[in-house]
There are 4 protein chains.
Amino acid sequence: MKQKDEFKREAIINVTIDMVYTNGFAGVKMAQIAKKVDISPSTLYVYFKSKNDLISSIATDLLKKITQTSQNQMHSDLPFKLKFKAIWLFYVNFEINNRKEMSFINQVKQSPYYKMIPLEIRNLKSSLVLDLLDEGKRQGLIKNLDNSILAALLSAFLTETVKLIDSKTLQLNEAETNTMFLLAWDAIKN
Amino acid sequence: MKQKDEFKREAIINVTIDMVYTNGFAGVKMAQIAKKVDISPSTLYVYFKSKNDLISSIATDLLKKITQTSQNQMHSDLPFKLKFKAIWLFYVNFEINNRKEMSFINQVKQSPYYKMIPLEIRNLKSSLVLDLLDEGKRQGLIKNLDNSILAALLSAFLTETVKLIDSKTLQLNEAETNTMFLLAWDAIKN
Amino acid sequence: MKQKDEFKREAIINVTIDMVYTNGFAGVKMAQIAKKVDISPSTLYVYFKSKNDLISSIATDLLKKITQTSQNQMHSDLPFKLKFKAIWLFYVNFEINNRKEMSFINQVKQSPYYKMIPLEIRNLKSSLVLDLLDEGKRQGLIKNLDNSILAALLSAFLTETVKLIDSKTLQLNEAETNTMFLLAWDAIKN
Amino acid sequence: MKQKDEFKREAIINVTIDMVYTNGFAGVKMAQIAKKVDISPSTLYVYFKSKNDLISSIATDLLKKITQTSQNQMHSDLPFKLKFKAIWLFYVNFEINNRKEMSFINQVKQSPYYKMIPLEIRNLKSSLVLDLLDEGKRQGLIKNLDNSILAALLSAFLTETVKLIDSKTLQLNEAETNTMFLLAWDAIKN
DNA sequence: GATGAATGAGCGTTCATTCAT
DNA sequence: TATGAATGAACGCTCATTCAT
């Protein structure tokens, strides 16, 4: 683990995300992080000026990264429902493949650390989804409700889907993800 | 002999629920609770033998209360969709009116305290909802999916609805709650 | 256990001696004593004005009782060595039969409570033994050493004998107690 | 990097031994130790991971040291009684010169801390004394009794001798220590 | 006299953070 | 930059004792 500079920062971040995933926030101690990264506790303070800073920096980074990543999704010229489904699947896969990171930001969101994250970061929204919803409404395919309502709902849906997969109640295959997608789709479709 | 103040236990519980709502579990300190109730920290230990006991006692009480309350709901002779909606509304209202308590048990559920709650309490489930889902499936009105999937989804929906109302994005009126109900209903209906 | 006045005081004392024997001083808590006597902790303070008072009262009582008891021993007109042995045996038996009480005062003696006992009690010595030693010296049968030295030694001897019996290394029978007596006697005899 | 003060650990140990000697175990508080060493209470935990660890580490160290020291005593070519006396005197002097340390281990032995000391340390016995007793028995010079009885007695004797010297009843000179030795010797000699 | 409630003072311990090198 | 030592500020909890009836 003993690397230089940027690598060390990276290592600290990864270890922290790992530990938050395994032990929850309450169980994350600076000394433990240091030990796992194989540095001294005081060295942590070379890279992050406090525990708050460590946590909220990671959260900020993750939030940015997540928004950006989804932004990169191809805006294909498929028919709306198919495009919608593709994006839905992208998100399901993204959450599954980034469990720890998602767990981290979910935990941050319901902790006092969340308030320490700059507002502009907290309000970052994937315009991808918003644009998509607008497109659907324009085509009369989805209900004409506030985007914030639809987005919140889809997000809850997504989270629940991932939880079900994590808990093995659902499997990550064509049939079952399609079922879940249809539940979401039926909810919002006109 | 000094008489035990019947309201003191109640006060401790309420203050604790309040603080968990505002600061989360991590932020609940015995000394702070005591201060808010205006008693000595050691007096807390007259009523609860430890912090664990305090938290899990409250959780146990709430869990019992919630299950019982919902159990008392009866809408047996209405047509299915109306019955379903009545129960949905009951839950929305219940969660709104017991925001802090619901927040408490939600937080407990994803904390180590949960394991301290007696299994028979943890396993209390509102058969109300499960029975309802079965009835709907029998009548061919709702999708033939696993109850655990449908229930998880409806629960996420419900939580999200309440959050939206809390954040003033939605209002707790006939029209808007109806809208939200329809989203849920459309998701699961056949 | 719930009796009146003198009996209650007695009960408190007995329970305390018991608990000191079982758990040592560190483990004796006022609340525990009260529980075992089946009274309220505050009632303890009706009988003893503090924990210090409780402990040192018991110690004082025991010390007095022990001195008095031995004083009552017949001053028979046996030849010296036999008389000496009889008294030795009396003490061995006394210690065995009053294990808990002896343990109590031994523990008190090496605790801060000892200083709280009135000096005149602490200095109580069994004149029985001192007289006996004087008699032996007069008869030229035992070494002409300071009584305090001889007494201390015999006491240590006695304690050790009792410990050995307690630990089953020795048995409380004619042969083995005689052996131990002879060790003591050989030590001090001229 | 701040260097660990080599003397600080030593200082903690010495202060602890001192306090146990003066106030007994019950009176030893981490905060008091820290104050006497002039460090913060939390610094204690840099050197010892708990109070139990502090006490039992000290006890372990002392036990090792004592056994080793006595082991180094060698008087192989003297006649038995002289050798025995030399060793007796060695122990008297050792106990006098290490009063506090001896008090410490004596107190530990009758406290719950004793169980925390590794068994192999607890079982360390000075074979010096046992070998000596065997040799004496072989030569027909001392009574043919169980070593555990003889050793227990000599130990009690020794302790009492040291107490008498401590209390100024006896002086640590040739004549008086000789007197005490003879008491012990007469007790066990054939 | 008897008692359950109440508490102040203190305890051992933890931990994010700073110090000193 | 890196670090082991050091620490202040808490924390959960205990317990002898007092309060109020």
Side-chain angles (χ1 to χ4, degrees), chain A residues 2 4-5 8-9 26-35 37-55, chain B residues 1-6 8-9 26-34 37-55, chain C residues 2 4-5 8-9 26-35 37-55, chain D residues 1-6 8-9 26-34 37-55:
Chain A
K2 212 157 203 174
K4 265 280 196 181
D5 288 0
K8 206 173 276 180
R9 196 187 139 95
V28 176
K29 309 295 151 64
M30 296 300 263
Q32 282 179 37
I33 296 173
K35 187 176 257 175
V37 182
D38 197 19
I39 57 175
S40 163
S42 29
T43 307
L44 282 179
Y45 291 83
V46 173
Y47 294 87
F48 299 93
K49 72 179 212 291
S50 70
K51 188 177 179 178
N52 285 349
D53 181 39
L54 170 62
I55 304 289
Chain B
M1 173 185 92
K2 213 184 229 170
Q3 274 310 327
K4 199 158 187 167
D5 187 343
E6 271 312 314
K8 204 165 280 179
R9 196 188 139 94
V28 176
K29 307 298 150 74
M30 296 303 263
Q32 282 180 37
I33 295 173
V37 183
D38 197 23
I39 56 176
S40 163
S42 42
T43 305
L44 283 178
Y45 292 84
V46 173
Y47 294 86
F48 299 92
K49 71 181 208 294
S50 69
K51 186 178 178 179
N52 283 350
D53 182 40
L54 170 61
I55 304 288
Chain C
K2 209 159 204 170
K4 265 278 195 179
D5 290 0
K8 206 172 276 182
R9 195 188 140 93
V28 175
K29 309 294 152 65
M30 296 301 263
Q32 282 180 36
I33 295 172
K35 187 176 257 175
V37 182
D38 198 19
I39 57 176
S40 163
S42 30
T43 307
L44 283 179
Y45 290 83
V46 174
Y47 294 88
F48 299 92
K49 71 180 212 291
S50 71
K51 188 177 180 180
N52 285 348
D53 182 39
L54 170 62
I55 304 288
Chain D
M1 175 184 87
K2 213 185 228 172
Q3 273 312 325
K4 198 161 189 165
D5 186 344
E6 271 311 315
K8 205 166 277 180
R9 196 189 140 95
V28 176
K29 307 299 152 72
M30 296 304 263
Q32 282 180 37
I33 295 173
V37 183
D38 197 22
I39 57 177
S40 162
S42 43
T43 306
L44 283 178
Y45 291 84
V46 173
Y47 293 86
F48 299 92
K49 71 181 210 292
S50 69
K51 186 178 178 178
N52 284 350
D53 182 40
L54 170 61
I55 304 288

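The figures that follow rest on heavy atoms only: side chains count, while hydrogens, waters and symmetry mates do not. Order of the sequence lines sets the chain letters (A, B, ...), proteins ahead of strands, with each chain counted from 1. Note that the structure is predicted; figures quoted are calculated from it, not measured.
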> Is the phosphate of F:dA2, meaning OP1 or OP2, less than 4.0 Å from a side-chain N or O of A:Y47?
Replying inline: yes

> If only side-chain N and O atoms of C:K8 are considered, is one of them under 4.0 Å from the OP1 or OP2 phosphate oxygen of E:dA2?
Replying inline: yes

>> OP1 or OP2 of E:dA2 versus the side-chain N and O atoms of C:Y45: is any pair under 4.0 Å?
In response: no

>> Whether A:S40 contacts F:dG4 is assessed here as follows: a side-chain N or O lying under 4.0 Å from the phosphate OP1 or OP2. Is that the case?
In response: yes

> What's the shortest heavy-atom distance between A:A31 and A:P41, and which atoms?
Replying inline: CA-CG, 4.4 Å

> If every non-hydrogen atom of B:K51 is compared with every non-hydrogen atom of B:V28, which pair is closest and at what distance?
Replying inline: NZ-O, 2.7 Å

>> Measuring only between side-chain heavy atoms, which start at C-beta, is A:L54 closer than 4.5 Å to A:I33?
In response: yes

>> Return whichever of C:V28 or D:P41 has its heavy-atom-nearest nucleotide of DNA chain F closer to the 5' end.
In response: D:P41

> Separation of B:L54 atom CG from F:dC11 atom C1', in whole Å?
Replying inline: 15 Å

> What residues, two or more places apart in sequence or in another chain, satisfy side chain to side chain contact (heavy atoms under 4.5 Å, CB included) together with C:D53?
Replying inline: C:F48, C:K49, C:S50, C:S57

> Which heavy-atom pair separates C:M30 from C:Y45 by the least distance, and what is that distance?
Replying inline: CE-OH, 3.6 Å

> Using a cut-off of less than 4.0 Å, is there contact between a side-chain N or O of C:T43 and OP1 or OP2 of E:dT3?
Replying inline: yes

> Is B:I39 touching bases, backbone alone, or none of the nucleic acid, heavy atoms closer than 4.0 Å?
Replying inline: sugar-phosphate

> Where does DNA chain E form stems of at least three consecutive Watson-Crick or G-U wobble pairs, each pair having both distances below 3.5 Å?
Replying inline: E:2-21 with F:2-21

> Nearest nucleotide by nearest heavy atom, which residue falls closer to the 5' end of DNA chain F, A:L44 or D:S42?
Replying inline: A:L44

> Which residues pass the side chain to side chain donor-acceptor pair (under 3.5 Å) test with D:S40, sequence neighbours left out?
Replying inline: D:S42

>> What is the separation between atom CG on D:D53 and atom P on E:dG12, rounded to the nearest whole Å?
In response: 14 Å

